[in-house]
Amino acid sequence: MPSPDALTRSDKAKLTRLSRDLVAWAANNGRLFPWRSNAATTYQKITVEVLLQRTTATAVAGIYDDFFSRFPDWDALAGASPVELEEFLRPLGLWRRRAAALIGLARYAAGTGGAFPSDANDHIAIPAVGQYVSNAILLFHHGRAAPLLDVNMARVIERAVRPRRLADIRHDPWLQAAAKWFARGATSVEVNWAVLDFAALVCKARRPVCEACPVNAYCAFFQRAKSSGVPLATLVATIERR
DNA sequence: AAGCCGGGGGA
DNA sequence: TCCCCAGGCTT
């Protein structure tokens with residue numbers, strides 16, 4: 001009997017279809033952000049992932065130009081005065097914690113000339129780099145496929161396929177495997193951006209727009225809602241774990 | 001593997 | 001007020 005934490009063939013097929021459909025959806029409905037531009041440097045792409053934590057992409061977009069004009073590279077950020085940096089970060093919330101994290105990360109990166117280890121096991125020692133930013137480093141700095149597994153990707157995968165078992169996204173074996181499979185391959189970046197946009201615009205935490213969802217035909221969450229007759233809004237509150 | 005932490009903004 | 005937002009850190 002296979003482990004309940006293993007990806008089934010059915011899971012894989014569904015995740016593959018999901019990634020393809022969301023990339024297609026994003027081609028017409030995806031959001032445009034400066035940090036996704038070809039002009040964005042690796043420094044900007046990694047730094048912005050710290051800016052984006054526990055805040056909205058809209059808020060980050062609002063400070064993006066000013067921030068990177070004042071702190072254009074790792075050296076500038078590493079030498080920033082905490083007080084000045086905090087002023088830039090205030091609109092995002094968590095500004096004291098974020099300033100300290102950014103300076104720690106920047107000091108590290110400035111010391112290596114902007115290079116990061118290619119082995120994710122070596123990332124845990126780097127300030128402000130947890131599982132999420134580690135994957136961002138693999139994805140944007142090393143050009144490797146990696147899932148930006150945050151609450152958004154987790155929500156979409158859990159609704160479409162099945163809920164995770166553990167409370168913490170970062171420790172659930174099935175969800176980890178599912179995300180990795182979901183974001184595998186040469187289109188990893190596009191898949192990651194597509195699911196973030198889809199989660200923000202359609203598969204929202206509070207009021208998902210299931211009626212206009214491009215994948216509702218095979219979404220477990222929507223199918224369950226439809227067959228149970230329970231109003232969607234009620235079901236949203238309870239993604240049951242098993 | 002859980003608990004804790006910590007700020008702005010929208011519903 | 002409560003909940004959500006591209007989580008990291010400590011235990």
Side-chain angles (χ1 to χ4, degrees), chain A residues 5 22 26 30-37 40 42 44-64 67 82 85-108 116 120 123-141 146-159 164-176 179 182-183 188-209 233-234 236-239 241:
Chain A
D5 292 329
L22 293 190
R31 300 175 295 179
L32 292 175
F33 292 117
W35 54 89
R36 296 183 181 179
S37 153
T42 302
Q44 289 174 316
K45 288 182 177 177
I46 293 176
T47 299
V48 84
E49 295 299 338
V50 178
L51 298 182
L52 285 162
Q53 288 168 13
R54 312 303 283 178
T55 189
T56 61
T58 306
V60 174
I63 72 163
Y64 189 86
F67 184 93
L85 183 54
E86 287 170 358
E87 281 310 310
F88 279 84
L89 300 175
R90 193 150 296 167
L92 306 185
L94 303 176
W95 39 274
R96 303 218 287 195
R97 164 183 299 196
R98 207 183 300 270
L102 281 171
I103 289 176
L105 174 62
R107 283 181 179 164
Y108 171 90
F116 290 88
H123 290 174
I124 53 178
I126 306 172
V129 179
Q131 185 188 86
Y132 179 88
V133 176
S134 174
N135 279 327
I137 290 170
L138 295 180
L139 187 67
F140 296 119
H141 182 66
L148 299 178
L149 178 53
D150 67 331
V151 289
N152 292 293
M153 184 185 289
R155 185 173 63 249
V156 172
I157 289 177
E158 289 184 86
R159 280 180 179 162
R164 64 181 180 269
R165 182 171 58 84
L166 302 184
D168 195 322
I169 289 170
R170 297 160 290 190
H171 293 107
D172 187 274
W174 181 86
L175 185 56
Q176 288 288 325
F182 176 74
S188 193
V189 171
E190 288 90 329
V191 173
N192 276 293
W193 284 343
V195 69
L196 289 169
D197 292 346
F198 177 72
L201 301 176
V202 178
C203 197
K204 300 182 289 183
R206 277 179 181 151
R207 306 172 91 182
V209 194
T234 309
V236 168
T238 55
I239 291 189
R241 304 202 175 120

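Throughout, a chain's letter reflects where its sequence line sits, starting with A, and its residues are numbered from 1.
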Would you kindly give the [atom1]-to-[atom2] distance between [X] and [N], to the nearest whole Å?
{"X": "A:Arg98", "N": "B:dG7", "atom1": "CZ", "atom2": "P", "answer": "9 Å"}
{"X": "A:His171", "N": "C:dG7", "atom1": "NE2", "atom2": "P", "answer": "16 Å"}
{"X": "A:Leu102", "N": "C:dC9", "atom1": "CG", "atom2": "P", "answer": "12 Å"}
{"X": "A:Leu89", "N": "B:dG6", "atom1": "CG", "atom2": "P", "answer": "16 Å"}
{"X": "A:Leu139", "N": "C:dA6", "atom1": "CG", "atom2": "C1'", "answer": "12 Å"}
{"X": "A:Glu87", "N": "B:dG8", "atom1": "CD", "atom2": "P", "answer": "11 Å"}
{"X": "A:Leu166", "N": "B:dA2", "atom1": "CG", "atom2": "C1'", "answer": "10 Å"}
{"X": "A:Asp150", "N": "C:dG8", "atom1": "CG", "atom2": "C1'", "answer": "14 Å"}

Point to revise | Counterpart base for B:dA2, defined by Watson-Crick or G-U wobble contacts under 3.5 Å | key: C:dT10
Review point. If you look at every strand shown and take non-hydrogen atoms under 4.0 Å, does A:Val60 touch a base, only sugar-phosphate, or nothing?
Key: nothing
Exercise for review: Would you classify A:Ala57 as touching base, sugar-phosphate or nothing, given that sugar-phosphate means primed atoms plus P, OP1 and OP2, and contacts are heavy atoms under 4.0 Å?
Suggested key: base
Exercise for review: Might you confirm whether atom CZ of A:Arg31 has over 12 heavy atoms from other residues, nucleotides or ligands at distances under 6.0 Å?
Suggested key: yes
Is there a donor-acceptor pair under 3.5 Å between the side chain of [X] and the backbone N or O of [Y]?
{"X": "A:His171", "Y": "A:Leu166", "result": "no"}
{"X": "A:Asn192", "Y": "A:Leu148", "result": "yes"}
{"X": "A:Arg98", "Y": "A:Val50", "result": "yes"}

Review point. Do A:Arg97 side-chain and B:dC5 base share a donor-acceptor contact under 3.5 Å?
Key: yes
Review point. Looking at C:dC4, does its base get a donor-acceptor pair with the side chain of A:Arg54 below 3.5 Å?
Key: no
When you measure from the side-chain N and O atoms of [X] to the phosphate of [N], is any distance below 4.0 Å, counting only OP1 and OP2?
{"X": "A:Trp95", "N": "B:dG8", "answer": "yes"}
{"X": "A:Gln53", "N": "C:dC5", "answer": "no"}
{"X": "A:Arg155", "N": "C:dC5", "answer": "yes"}

Exercise for review: Provide the distance between the two P atoms, one in B:dC4 and one in C:dA6, to the nearest whole Å.
Suggested key: 24 Å
Review point. If every non-hydrogen atom of A:Leu149 is compared with every non-hydrogen atom of A:Ala179, which pair is closest and at what distance?
Key: CD2-CB, 3.8 Å
Given [options], the nucleotide with the shortest approach to the side chain of [X]:
{"X": "A:Arg96", "options": "C:dA6, B:dG8, B:dG7", "result": "B:dG7"}
{"X": "A:Leu94", "options": "B:dA11, B:dG6, C:dC5", "result": "B:dG6"}
{"X": "A:Arg170", "options": "C:dC3, C:dG8, C:dC5", "result": "C:dG8"}

Point to revise | salt_bridge(A:Glu87, A:Arg90) N-O dist < 4.0 Å | key: yes
Check your understanding: On DNA chain C, nearest-nucleotide positions of A:Ile124 versus A:Leu196: which is more 5'?
Key -> A:Leu196
**Study point:** Residue pair A:Leu89 / A:Leu51, side-chain heavy-atom distance below 4.5 Å
**Key:** yes
Point to revise | Side chain to side chain, A:Arg165 and A:Pro173, heavy atoms closer than 4.5 Å | key: yes
Point to revise | Members of residues 44-52 of chain A that approach DNA chain C, where some heavy atom sits under 4.0 Å away | key: A:Glu49, A:Leu52
